[in-house]
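Just so we're on the same page: letters track the sequence lines, and every chain starts at 1.
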Number of protein chains: 2
Amino acid sequence: MNTFTEENYLKAIYHLSLQAGSASTNQIATSLNTKAASVTDMLKKLAEKALINYTKYQGVTLTATGEKIAISIIRKHRLWEYFLVEKLNFKWDQVHDVAEELEHIASKELIDRLDTFMGHPKYDPHGDPIPDSNGLFKTHELKPVSTLVVNGKAIISGVRDHSTSFLQYLERMQLTIGKKIKVTEINDYDHSVILQVEDKKIHISREVANNLLIAL
Amino acid sequence: MNTFTEENYLKAIYHLSLQAGSASTNQIATSLNTKAASVTDMLKKLAEKALINYTKYQGVTLTATGEKIAISIIRKHRLWEYFLVEKLNFKWDQVHDVAEELEHIASKELIDRLDTFMGHPKYDPHGDPIPDSNGLFKTHELKPVSTLVVNGKAIISGVRDHSTSFLQYLERMQLTIGKKIKVTEINDYDHSVILQVEDKKIHISREVANNLLIAL
DNA sequence: AAGAATATTTAGGCTAACCTAAATTTATTA
DNA sequence: TAATAAATTTAGGTTAGCCTAAATATTCTT
């Protein structure tokens, strides 16, 4: 088995690679709140264990084995988040840190039973897909609200920014997963957007429109 | 906060002290599967943090602070065991190792919500009392079956041995928590006992009678 | 109460994961 | 393309928790 720290590295590399194709030492250091030198140490170790492809100075990608582990951690993270919100009534902005701890509980049986207990949910509270027990899931193709044109309709389906403050903002604005929206106006000057949500008009900034994801 | 290892030491010291009043270096080493020299290191550290009372060669006891932490870990352990059995349908002999991991999840809010979700259970699946969120619980005064006389009646309420094999044995014999029993015979020679449980007669050894706990 | 047995502590070392500072490589830009 | 900037790695050090072997304290036995 792997240490918590190794698991955190694998997860970070997975997420970073999704965006850029590979992860650099500095990106990993930033995302794990550690220093580049520490990252280099760990990269050697993970490469030694054949969990990453690493050539000095060139950034890293996960091997098949490494990816499998990363996905299993993400599965655990998202299932626990679902549990915390749906069963324990946590708010969606309160669950991340606790799930960061819970995701390292090793037992596969535990997580498969938890999955069954909750009825095999497909998405976590933030709209991210939950891998099944074989590690399969659709890498969802969501677009930001900012890609909609006037009169475009869509359903709020995810977030690009998972920070507490953004999630709290969305909750206050009632811009939560599953809501139907329609763009009624786009401001040319600052790219802010006015949305029709149920019977309300909601004005959001360009930044929010970029970080709020939709399905059509 | 404390490390997982520190928490495990505090828990071990708590359990050992319950029996003998204090815990010795060797007892702690045995119970944590480590070596006496490692224990001595940790005892110094815990004493430094004022979590234990330690004088060289004299064994240790928990301070009030140390005990509070130990009890909070026991609360978490037992609540998780209850969850695993009652909600996820684990068998009572399968939950210990997973609970050993879960008990170190820090969030107090998590555990209090979990407690509420399950309806504030008073006992875990093995009959051990669950401390409430203030750390209060009745240190239960159960006696072994072996203290009963012929025709004595009681209710199975706990176990002294939490090993997988003992728990599996009890399950096979249908000697589970809550069952009403009556002693129909005691064998003078080997101190084995015949119990009436529901409509069955069950023959148990002296060893089992010593490790199975009852309330009257 | 002295010697033997047992328990405990000290000394010195190891590994995982972190750090800073210095060296080196890669990327950028004039 | 040379020089500067930025990114990365290496060198050397720290802490937590563990270990073995040796030293010391306590307990038991006679």
Side-chain angles (χ1 to χ4, degrees), chain A residues 1-17 19-62 66 69-70 73 100-101 103-104 106, chain B residues 1-17 19-62 66 69-70 73 100-101 103-104 106:
Chain A
M1 246 302 89
N2 309 289
T3 64
F4 284 17
T5 308
E6 286 169 347
E7 292 188 349
N8 285 333
Y9 273 85
L10 294 175
K11 192 173 55 136
I13 294 165
Y14 179 88
H15 285 306
L16 291 167
S17 302
Q19 298 165 340
S22 74
S24 74
T25 302
N26 267 353
Q27 286 173 326
I28 297 167
T30 302
S31 104
L32 293 176
N33 267 300
T34 183
K35 296 299 155 72
S38 309
V39 173
T40 301
D41 282 353
M42 182 58 86
L43 295 184
K44 286 183 197 162
K45 193 174 150 197
L46 293 174
E48 188 65 38
K49 289 185 160 195
L51 300 175
I52 61 172
N53 305 113
Y54 174 50
T55 33
K56 272 192 201 175
Y57 297 101
Q58 296 315 125
V60 299
T61 56
L62 295 175
I69 297 170
I73 298 159
E100 290 280 294
E101 293 187 63
E103 73 189 7
H104 298 295
Chain B
M1 246 301 92
N2 308 289
T3 64
F4 284 18
T5 307
E6 286 170 346
E7 291 188 351
N8 285 334
Y9 272 85
L10 293 175
K11 191 173 56 135
I13 293 165
Y14 180 87
H15 285 306
L16 290 167
S17 302
Q19 299 164 338
S22 74
S24 75
T25 302
N26 267 353
Q27 287 174 324
I28 297 168
T30 302
S31 102
L32 293 176
N33 267 299
T34 183
K35 296 299 155 72
S38 309
V39 173
T40 301
D41 282 353
M42 182 58 86
L43 295 184
K44 286 183 196 159
K45 194 175 150 198
L46 294 174
E48 188 64 39
K49 288 185 159 194
L51 299 175
I52 61 172
N53 305 113
Y54 174 49
T55 34
K56 274 192 201 176
Y57 297 100
Q58 295 315 128
V60 299
T61 56
L62 295 175
I69 296 170
I73 297 159
E100 290 281 292
E101 293 187 62
E103 74 191 5
H104 299 294

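- When the side-chain nitrogen and oxygen atoms of A:Thr5 are compared with OP1 and OP2 of C:dA16, none of them lie within a distance under 4.0 Å.
- Here B:Thr40 does not reach the OP1 or OP2 of C:dT10: none of its side-chain N or O atoms lies under 4.0 Å away.
- With a 4.5 Å cut-off on side-chain heavy atoms, A:Leu43 and A:Lys56 do not count as touching.
- Atom pair A:Asp41:CG and D:dT10:C1' shows a separation of 9 Å (rounding to whole Å applied).
- When heavy atoms are screened at a 4.0 angstrom cut-off, A:Tyr9 is found touching the sugar-phosphate backbone but no base atom.
- Between B:Ala106 and A:Glu101, the shortest heavy-atom distance links the atoms N-OE1, 3.1 Å.
- With B:Val39 as reference, B:Thr34 is the one residue of B:Thr30, B:Thr34, B:Val60, B:Ile13 to meet the side-chain contact (heavy atoms from CB on, under 4.5 Å) rule.
- In this structure, A:Lys44 reaches the D:dT10 phosphate: one of its side-chain N or O atoms is under 4.0 Å from OP1 or OP2.
- The two residues A:Ala36 and A:Thr25 make their nearest non-hydrogen contact at O-CG2, 3.6 Å.
- Considering only side-chain N and O atoms, B:Asn26 lies under 4.0 angstrom from the phosphate OP1 or OP2 of C:dT8.
- Comparing D:dA21, C:dA16, D:dA16 by their nearest atom to the side chain of B:Ala37 picks out D:dA21.
- In this structure, B:Ala70 and B:Tyr14 approach most closely via the heavy-atom pair CB-CB, 3.8 Å.
- Checking D:dA11, C:dC18, C:dT8 against every side-chain atom of A:Ser38, the shortest atom distance belongs to C:dC18.
- To the nearest angstrom, C1' of D:dT8 lies 10 Å from CG of A:Leu43.
- In terms of heavy atoms, A:Ser17 sits closest to A:Ala23 at OG-N, 4.0 Å.
- DNA chain D lies under 4.0 Å from at least one heavy atom of each of the following residues of residues 51-60 of chain A: A:Tyr54, A:Lys56, A:Tyr57.
- Rounded to whole Å, the distance from NZ on A:Lys35 to P on D:dT14 is 17 Å.
- Relative ring orientation between A:His104 and A:Phe4 is described as parallel, the plane-to-plane angle staying below 30° on a 0-90° scale split at 30° and 60°.
- Taking side-chain N and O atoms only, B:Ser24 has no distance below 4.0 Å to OP1 or OP2 of C:dA7.
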